[in-house]
Amino acid sequence: IASYNSVEELYLSFTQGNWRQDAWGYPPTRSQGVGAEVVARINGTEEESQRKWKGLTNALSGVFCASLNFIDDENTSVPRLAFNAQTRKNGDTNVAERHATLRHGFLPRENVCTENLTPWIKQLPCQAKSGLGALLNPYRLYNMHFHSMGISLVPVVGTTGGGQTGLVYKQHITVVLDSRTFELGNSWTLGELMDRDIQEACPVASKSTVRVVIPGEGVQVFPEPERRESLAGQNTYVYDIQRQNAAEIRFETANAADNKEAPTQLPVVAAHRHVNGHGGSGGGVETEIINRGSQPLEITYFDSLPWYLRVYLHTLAIEAVGSDGRATKLHPTETMFTPAIDRGRPSSIELTMTLPANTRTVLRYSFDKGFIKYTEHPPDANRGFNIGPAIISYRSDAHRPLSCALQTPRPRGQSECVVRVYTELFLASLPTPDFSMPYNVITFTCTVLALFFGRIFNLLTRDFAVLKDSD
Amino acid sequence: MLPEKRKASPTRTTTQNDDSSRVAWAIALGCAVRLGILVLFPDIVEHYLADRVELSTPVTSYKRLREGLFLSANQIPPFDGGIFHQSPLLLLVFGILYRLPEFFTTLAYVAADGFVALMLARIAASRRARDTGGSPLVPGEIAFSCTPSVVAMLYLFNPLTLATVLVKSTIVFSHLAIAAALCAAAEGRPSTAALWTAVATHLSVYPAMLLAPIALVLSAPATTHKLPLQSSGGGLAKRIATTVAVFALAFGAMHLLFIACFGTQYFTATFDFVLRVADLQPNVGLFWYFFIEIFDEFRMFFFVVFQLTALAFAAPVAWRFRADPLFAATMLVGIISALKSYPSWGDLALFLGLLPIFEELFKYMQYMFLSANLLLYGIGLAPVFWHLWIEQGSGNANFFYAATLVYVFGQITLLFDLGSAMLRRELDIHHPETRTRPVIQE
């Protein structure tokens with residue numbers, strides 16, 4: 001699929017649930033926006049890459065049994081600032097300079113379920129028969145606080161002769177499970193948690209490891225690991241599955257009720273977005289970005305709203321509130337606005353700005369709700385439309401965030417990596433017409449028009465004549 | 001300021017001078033009121049009036065104009081997106097005003113409105129000048145009594161005009177161009193009139209219809225009883241040709257200028273947009289709900305039908321009322337106001353502003369009470385039903401739609417009434433014996 005559609009880079013993920021930074025810290029995967037997200041860098045001219053994007057989304061839709069074919073022009077945006085940071089410049093500058101467009105499609109209402117998991121498992125070399133794949137039990141996986149699953153195709157310069165660029169295919173799945181949901185008590189094994197057992201390690205795998213990151217003092221892990229590592233500044237036990245059955249790794253917590261430890265690292269940036277305003281005619285979007293660090297941080301903000309929410313870019317206002325409570329206006333260093341085209345493309349706002357240390361920055365802009373055609377309303381019209389999240393990305397030291405520390409293959413000489421924070425979704429309910437009325441509307445309007453036409457026509461074409469008196 | 005008349009009597013001049021000073025006072029007072037409200041109470045205006053869909057439409061909204069100005073100031077093509085659909089002429093004019101403080105924009109709008117009132121007063125004055133100096137046209141009629149200052153005041157203090165200026169709807173500039181065109185036509189300057197019509201067509205698409213009566217305008221004040229077109233056949237054709245040529249030239253020149261500045265996108269975003277009703281935001285017209293509810297297969301057919309109904313009456317109305325082209329123009333302004341794709345109360349305001357000039361027709365009109373009531377109901381209930389539908393969510397789109405139906409029907413009744421009143425009056429002028437006899441149409 002990738003070579004047919006000239007894909008240079010691809011990230012696909014399905015996510016359900018919000019990642020609670022305050023409780024769980026940095027996420028181990030790259031994306032956490034609720035719904036389905038496809039990001040691809042496609043080679044070719046503008047028209048070609050548009051065509052191939054459609055081909056790619058349809059093909060992925062078929063492979064993963066998801067309705068990714070609904071990603072069309074109306075919800076695809078072309079970010080220019082937000083995702084470029086991921087370009088690998090491993091000494092080979094050709095990757096960045098070739099004519100390739102990055103496209104971002106998002107379906108906020110897409111649900112994730114076993115239907116999507118099954119093809120994903122089929123992509124694993126041993127599928128669910130042996131190795132870690134055997135632990136993937138959908139009954140447990142979807143009974144969760146957070147679930148994110150996806151694939152990525154990452155271009156890297158090959159290490160085997162020639163220096164050609166190759167694509168590395170990665171699959172990831174992130175799940176946040178609560179052991180109390182399954183009534184496991186204080187001591188439980190991985191096999192009990194997932195209600196599965198591993199018979200043998202995957203014979204096709206060259207390497208099969210389990211890394212257990214120990215969060216703090218309250219948890220003890222048995223048996224002793226093969227070796228210990230330090231991952232993202234935390235103690236990590238590494239187990240080789242070919243020698244140790246993963247299902248028998250046992251976790252013991254001292255106090256079952258005391259599971260609410262704060263993570264050792266709160267992420268540097270937290271972001272929340274909500275919509276304000278009342279009534280059905282308009283509203284405003286307000287995003288709050290918190291910089292917990294003690295240094296100013298440069299971030300990229302990317303927000304994309306569908307065409308039926310008519311964004312007024314001139315109402316954009318950014319304000320930073322420091323710890324002393326004073327508010328100052330913030331000016332972005334770089335902006336890229338793309339206004340929406342009706343039924344053509346969504347509007348997108350991309351900003352690069354520097355957040356002062358220890359501040360809460362609030363970004364506001366207003367929009368008007370558009371009125372859409374009868375047939376464009378979804379079946380449950382009064383629910384409204386889910387609006388995809390805003391994405392804030394920043395560069396971070398490669399050691400602290402877990403997702404950066406886990407990133408393989410590690411790019412050579414790159415000590416920074418990009419961390420992304422996704423905000424929540426919101427619901428925009430557009431004012432609905434009366435759906436029972438098409439015939440009546442046509443009748444009434446045409447009646448009024450006919451009255452107009454008939455009367456004026458009479459006026460214009462008839463002459464007066466005197467009524468004959470009876471005498 | 002007033003044109004010279006051939007048969008002026010000394011007493012007339014004094015009265016007219018008094019009247020011209022009264023016009024000046026009326027305009028000054030009107031402008032002062034507008035300026036006062038805009039400067040002293042901008043929050044109230046912003047909160048209650050600025051977002052009303054009855055007053056600002058996607059093609060006249062001030063908020064969208066500011067958005068267009070912002071986009072073009074930031075090197076983003078303003079016509080590339082779905083927000084800005086107003087004329088590039090406004091972008092060019094307001095591009096300068098944008099950099100000055102807000103007060104100058106307010107001043108521009110107030111001045112434009114005052115200018116419209118001035119034009120209306122001049123139209124009334126030139127019409128009166130044309131008609132005086134003879135016996136009343138119909139025996140028993142009081143001499144022509146519509147004074148220019150009354151016309152100006154009725155326009156300026158009409159609540160609809162006031163509301164339109166307060167929300168800074170750009171329809172004010174379209175009215176400016178239309179009023180200037182009609183004034184130039186009434187004072188016998190057809191080329192200037194054609195120029196202003198071209199400007200008006202660029203600002204909102206429909207004033208192109210006004211070219212028909214303007215082309216038929218008289219170049220000299222006529223005596224009252226003869227049908228003026230009988231006087232010079234060849235001259236008439238020449239006049240029509242020059243007027244149309246000037247219009248085409250002016251329109252083409254501006255078109256090329258805008259293409260040079262903004263590219264051909266502007267044409268799709270402005271003219272094409274208005275003609276195919278792309279944005280379905282509710283307004284006080286008939287089109288929005290119709291095009292929301294209709295299925296896609298029939299969309300093209302119906303928008304052709306609707307636009308044709310609006311545009312096709314230009315020539316027939318102008319021809320039927322060729323004895324009084326100003327009246328034909330007024331009828332067309334009324335038709336535009338009722339049937340354009342994005343109407344607002346401001347369009348009705350111009351029509352109502354032109355009506356007092358034809359004061360002699362009021363006694364012939366039979367449905368005044370009905371049309372007044374329909375219009376008042378339509379205007380009064382529309383905001384209420386909008387609130388119920390959108391803000392409160394307890395009402396339905398149908399409520400607002402019903403109010404717009406009543407409003408448009410009121411306008412249509414008014415139009416029909418006016419037209420038949422004029423025809424009856426013409427009959428009375430040419431056949432005075434029928435004045436007291438009932439007549440029918442056949």
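Hydrogens, waters and symmetry mates are skipped; everything else that's a heavy atom, side chains included, is used. Chain A is the first sequence line, chain B the second, and so forth, proteins listed ahead of strands; every chain is numbered from 1.
Between the OG atom in B:Ser420 and the CD1 atom in A:Ile456 there is a gap of 9.0 Å [rounded to 0.5 Å]. Here CD1 of B:Ile292 is found 11.5 Å from CG of A:Asp434. Values are rounded to the nearest 0.5 Å. Atoms NE2 and NZ, on A:His314 and B:Lys63 in that order, are 6.5 Å from each other to the nearest 0.5 Å. Separation of atoms CD1 (B:Ile294) and OH (A:Tyr439) is listed at 13.0 Å; rounding is to 0.5 Å. Separation of atoms CZ (B:Phe84) and CZ (A:Arg310) is listed at 14.5 Å; rounding is to 0.5 Å.
Interface check for chain A: of the options B:Phe298, B:Phe295, B:Phe291, the most heavy-atom pairs under 4.5 Å are formed by B:Phe295. In terms of non-hydrogen atom pairs under 4.5 Å with chain A, the most contact-rich of B:Val305, B:Asp296, B:Asp51 is B:Asp296. Per-residue heavy-atom pair counts under 4.5 Å with chain B were compared for A:Thr375, A:Ile442, A:Asp342, and the maximum is reached by A:Ile442. Ranked by heavy-atom pairs under 4.5 Å with chain A, the first of B:Val53, B:Leu69, B:Leu286 is B:Leu286.
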Under 3.5 Å, side-chain donor or acceptor atoms of residues 404-412 of chain B against the rest of the protein: list the pairs with distances, not counting sequence neighbours.
unit_1, atom_1, unit_2, atom_2, d
B:Thr404, OG1, B:Tyr401, O, 2.6
B:Gln411, NE2, B:Ser337, OG, 2.5

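Residues B:Glu67 and A:Leu313 form a side-chain contact, since some pair of their non-hydrogen atoms from C-beta on lies under 4.5 Å apart. The shortest side-chain heavy-atom distance between B:Phe287 and A:Thr445 does not fall under the 4.5 Å cut-off. Between A:Cys446 and B:Phe302 the shortest side-chain heavy-atom distance falls below 4.5 Å.
Within 6.0 Å of CD in B:Glu297 there are more than 12 heavy atoms belonging to other residues, nucleotides or ligands. More than 12 heavy atoms of other residues, nucleotides or ligands shown are found within 6.0 angstrom of CZ on A:Phe337. For CZ of A:Phe70, the number of neighbouring non-hydrogen atoms (other residues, nucleotides, ligands) closer than 6.0 Å is 12 at most. Surrounding OH of B:Tyr98 are more than 12 heavy atoms belonging to other residues, nucleotides or ligands, all under 6.0 Å away.
Interface residue B:Asn396: only side-chain heavy atoms are found under 4.5 Å from chain A. For chain A, the nearby parts of B:Leu280 are the backbone and the side chain; heavy atoms of each come within less than 4.5 Å. Interface remark: A:Ser429 contributes no atoms to any contact with chain B (heavy atom separation under 4.5 Å). Proximity to chain A is limited to the backbone of B:Ala278, based on heavy atoms less than 4.5 angstrom apart. When heavy atoms are compared at a cutoff of 4.5 Å, B:Val317 approaches chain A by way of both its backbone and its side chain. Contacts between A:Thr447 and chain B at a heavy-atom distance below 4.5 Å are absent for every atom of the residue.
In this view, B:Ser341 and B:Tyr206 satisfy the side chain to side chain donor-acceptor pair (under 3.5 Å) rule, not counting sequence neighbours. The salt bridge (charged side-chain N to carboxylate O under 4.0 Å, His left out) search around A:Glu334 returns none, not counting sequence neighbours.
Summarising the geometry of B:Phe416 relative to A:Arg455, their closest heavy-atom pair is CD1-CB, 3.5 Å, with the distance given to 0.1 Å. Summarising the geometry of A:Arg462 relative to B:Arg320, their closest heavy-atom pair is O-NH2, 2.8 Å, with the distance given to 0.1 Å. B:Ile83 approaches A:Val311 most closely through the heavy-atom pair CD1-O, 3.4 Å. Considering every non-hydrogen atom in both A:Leu459 and B:Met331, the closest pair reads CD2-CE, 4.2 Å. Taking both residues in full, the closest heavy atoms of B:Gln281 and A:Phe371 are given as CA-CD1, 3.9 Å, listed atom of the first, atom of the second, then distance. Across all their heavy atoms, A:Pro339 and B:Ile76 have their closest contact at CD-CG2, 3.8 Å.
B:Tyr289 and A:Tyr374 have their aromatic ring centers separated by at least 6.0 angstrom. Aromatic ring centres of B:Phe313 and A:Phe457 lie farther apart than the 6.0 Å criterion allows.
Residues of residues 385-394 of chain B having a heavy atom under 4.5 Å from any heavy atom of chain A, listed by number: B:Trp386, B:Trp389, B:Ile390, B:Glu391.
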